[in-house]
Trainee: 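Got a structure here, written out as structure tokens. Questions coming.
By convention here, the first residue in the shown sequence is residue 1. Predicted model, so just to flag it, every value in this text is computed and none were measured.
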Amino acid sequence: MRIVVTRPVGALTALAVIGATALAGVATQTAAQAEPAHYTTKTPTSVGFGGAVTSVDPEASKIGVDVLKQGGNAVDAAVATAAALGVTEPYSSGLGGGGYFVFRDGRTGQVHTIDGRETAPAAMPKDAFIDPKTGKPYNFTPELVTSGVSVGVPGTPATWDSALRQWGTYPLRRALAPAADLAQRGFVVDQTFHQQTSENQKRFEAYTTTPKLFLPDGQAPAVGSVFRNPDLARTYRQIGARGTRWFYDGPIAHQIASLTRTPPKSPDTDLPVPAGFMEPSDLAGYRAIDRAPTHVGYRGYDVYGMPPSSSGGTTVGEALNILEPYDLQSMDTGAVLHHYLESSALAFADRGRYVGDPAYVDVPQDDLLSDTFAKERGCAIDETKAFDQPAPAGDVTDDDGQCASASQSAAQRRPDTENVETTNLTATDRWGNVVEYTLTIEQTGGSGMLVPQRGFLLNNELTDFSTVFDPADPNRIQPGKRPRSSMSPTIILKDGKPFVALGSPGGSTIIPTVLQMIVDRIDRGLTIEQAIADPRGSDRNTGSTSAVDAPVTAEQSFIDRYGAQLTPYGYTLTPAGQPGTSAAEIGAATAIEFGPGGLLTAVSEPTRRGGGSALVVSPNAG
């Protein structure tokens, strides 16, 4: 296949870049010296047949689509793509993290999910995030996130193994091989990778291990250079040959546990790098869990999502149920967005009150997703103005169909600490199998701690627990527990057949991002490309208690395009971050829409996070 670079990367202007294989331990070299071809073309939308893969990265999407072309199915392609993202997006995903996998079986039509969320060590105390020297909580960033105490037991390898065993056709060795090759030959560093490395330099330098890979010569790899990770290539090959139990029961497990308990702290850092409590037995006991998906009906569509320990499926589903009685198609844009924002805030109030790991919390999932409860909650929406925030949670025990009484809880007022740097992929094949998969290591760069000679970073997922212990909080720290997540991989069917699959990174903004895309596509009539590109505003019930003051975190483009239409409702729109930074963007979605005659429209971000790459097996020449 002839690879054409349509967007120059730094000084790179040739079709391919050539050179000799790097010496072991050398992570970067100039693009002009690299020997293999590198795929840097970013294609936001592709239309065609026979299967599709879409992700944030062109190398990863190409690996996934090549799997489909070679006869693999959507599960094989999803695992291969995810492994490749562990190479090119190591600050957002990888072996040291976890995630949620939603699968629609093309043969049976059934939807299944895998909960691959990380778990707290068995010895983790409830006050793990309290500095013993001061008696006060550690500062969240950079202190708590840069630590051993924030590392959860990784779930990603177990997720890959479970998905392939249940629904794939590839053995693990074959699924990991393309990513191993990619790690060995390297990828071209773009501005996003360079910027993320630079922004995390202080955190990476807190360790003796991490700078050797990610900060060669003491600085971030240059844009246009080729980044190689031969240690990760070797790790992938070893896992492929020996299986994931080698990861969880073997030397890697002992290495991870030891690193968290005794972090390889640099003598030059001023960060505390708190130690954790993980033991090898915590890894040996880890299992990815099969769970029944959440399901709601919405305007004739069946919406399937991820159940707890994720809050994505219940919160998106509840918000859709709240919206369904309203004729959004007859409203102007401002009114539609008003109802979208209010439904999101109400669902977030209930999320904070009721949702946590179901092994530790009695989550009233059926009540949260019932039409009766949605009717009771919808009473809080005023057609003319935004309600005061934070809104109280509804009372799930009050099921008379009347306006819900409040069940306020201090837990719902706690700020979310879930970080935005996650990644998402969507895959489908010619047999009608569909995968929506969101995976992460949490903070950009996770804990910042590299596992030496293994080539991957450890997560800081345990910071998704509430930082201060509250016995009434469903997301409080408990040994062995999975912290609540907002990841919302979603598959939507129409008359039993796939209509659209979509998902996004973005921490707690994932839920409103997925909800807004669904409203944009189904209610506003936007195309799937327009729905992904649409400016985003996010209401997570975090507003102040002053009258007519419901702050919304929004991209500047959302404020520019929709602000005037929302002003009459009394909203306060707050920019998501400083212009020109990654924090100013909300999400980095992927989606596939299924049209007549097997036509597929695969879509990724056109600009966010540098743009994504959506590929199909057989492009539509017409």
Side-chain angles (χ1 to χ4, degrees), residues 1-22 27-46 48 52-69 77 80-94 178-198 214 216 220-230 232-233 423-427 582 585 588-590 602-617 619:
M1 177 178 181
R2 186 170 183 265
I3 301 170
V4 179
V5 178
T6 59
R7 181 173 61 87
V9 182
L12 180 64
T13 56
L15 295 178
V17 285
I18 58 174
T21 301
T28 61
Q29 63 180 52
T30 62
Q33 296 173 314
E35 195 167 79
H38 297 278
Y39 193 76
T40 58
T41 303
K42 290 198 171 186
T43 310
T45 300
S46 292
V53 175
T54 174
S55 78
V56 74
D57 182 73
E59 294 272 20
S61 294
K62 182 178 183 299
I63 281 174
V65 116
D66 284 347
V67 168
L68 297 178
K69 291 178 179 179
T81 303
L85 289 170
V87 178
T88 61
E89 290 271 293
Y91 305 147
S92 302
S93 62
D181 293 342
L182 175 61
Q184 191 70 46
R185 67 172 170 83
F187 65 93
V188 177
V189 172
D190 64 6
Q191 180 59 40
T192 298
F193 186 86
H194 173 81
Q195 180 177 342
Q196 289 178 335
T197 309
S198 297
F214 294 114
V223 174
S225 66
V226 173
F227 185 92
R228 288 187 169 90
N229 192 340
L232 181 58
T423 196
N424 190 84
L425 67 92
T426 313
S582 58
E585 299 174 338
T590 67
V603 186
S604 61
E605 294 284 358
T607 58
R608 293 183 184 98
R609 221 144 111 177
S613 183
L615 302 175
V616 295
V617 171

Trainee: Provide the closest heavy-atom pair for Gly612 versus Lys42 in the form atom of the first, atom of the second, distance.
Mentor: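 Reported closest heavy-atom pair: O-CB, 3.6 Å.
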Trainee: Specify whether Phe214 and Phe193 have parallel, tilted or perpendicular ring planes, treating 30° as the upper limit for parallel and 60° as the lower limit for perpendicular.
Mentor: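 Answer is tilted, since the angle falls between 30° and 60°.
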Trainee: Nearest 0.5 Å please: distance from the CG atom of Asn229 over to the OG1 atom of Thr88.
Mentor: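 With rounding to 0.5 Å, CG (Asn229) is 11.5 Å from OG1 (Thr88).
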Trainee: Say you draw a straight line from CD of Gln196 to CG of Asp190; how long is it, rounded to the nearest 0.5 Å?
Mentor: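 Reported value, rounded in 0.5 Å steps: 8.5 Å.
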Trainee: Can Phe227 and Val87 be said to form a side chain to side chain contact (heavy atoms under 4.5 Å, CB included), step by step?
Mentor: CA-CA 9 Å; Phe227 185 92; Val87 178; over 6 Å; no
Trainee: Using a 3.5 Å distance criterion without hydrogens, assess whether the side chain of Ser61 forms a donor-acceptor pair with backbone atoms of Ser55.
Mentor: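 Such a contact is found between Ser61 side chain and Ser55 backbone.
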Trainee: Quick one: does any side-chain atom of Ser604 pair with a main-chain N or O of Pro44 as donor and acceptor, under 3.5 Å?
Mentor: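 Yes; at least one donor-acceptor contact below 3.5 Å.
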Trainee: Is a donor on one side and an acceptor on the other found under 3.5 Å between the side chain of Arg185 and the backbone of His38?
Mentor: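 No; judged by distance alone, with no hydrogens or angles, the pair does not exist.
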Trainee: Do you know the tightest heavy-atom contact between Ala180 and Ala233?
Mentor: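 Closest heavy-atom pair between Ala180 and Ala233: O-CB, 3.3 Å.
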Trainee: Would you say the side chain of Pro619 lies within less than 4.5 Å of the side chain of Ser46, judging by non-hydrogen atoms?
Mentor: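 No, their side chains stay 4.5 Å or more apart.
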Trainee: Once rounded to the nearest 0.5 Å, what's the spacing between atom CD of Glu59 and atom CG of Leu85?
Mentor: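 Here the interatomic distance stands at 11.0 Å.
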Trainee: Within this structure, what is the CG-CG distance for the pair Asp57 and Leu182, rounded to the nearest 0.5 Å?
Mentor: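 Nearest 0.5 Å value for the CG-CG distance: 7.5 Å.
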Trainee: When rounded to the nearest 0.5 angstrom, what distance separates OG1 in Thr54 from CG in Leu425?
Mentor: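 Rounded to the nearest 0.5 Å, the OG1-CG separation comes out at 8.5 Å.
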Trainee: If you take all heavy atoms of Val67 and Ala80, which pair is closest and at what distance?
Mentor: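 Smallest interatomic distance, heavy atoms only, reads CG2-CB, 3.8 Å.
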Trainee: Closest heavy-atom contact between Ser225 and Ala222?
Mentor: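 Looking at all heavy atoms of both residues, the shortest contact is OG-O, 2.6 Å.
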Trainee: Indicate the atoms forming the closest heavy-atom contact of Ala77 with Leu68, along with that distance.
Mentor: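 That would be CB-CD2, 3.8 Å.
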Trainee: Nearest 0.5 Å please: distance from the OH atom of Tyr39 over to the CG atom of Leu615.
Mentor: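 Going from the OH atom of Tyr39 to the CG atom of Leu615 covers 5.0 Å.
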Trainee: Would the distance check show the side chain of Ser93 and the main-chain N or O of Glu89 forming a donor-acceptor pair, the cut-off being under 3.5 Å?
Mentor: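 Between the backbone of Glu89 and the side chain of Ser93 there is a qualifying donor-acceptor contact (under 3.5 Å).
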Trainee: Can you give me the closest heavy-atom contact between Gly64 and Val53, atom names plus distance?
Mentor: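 So the minimum-distance heavy-atom pair works out to C-CG2, 3.7 Å.
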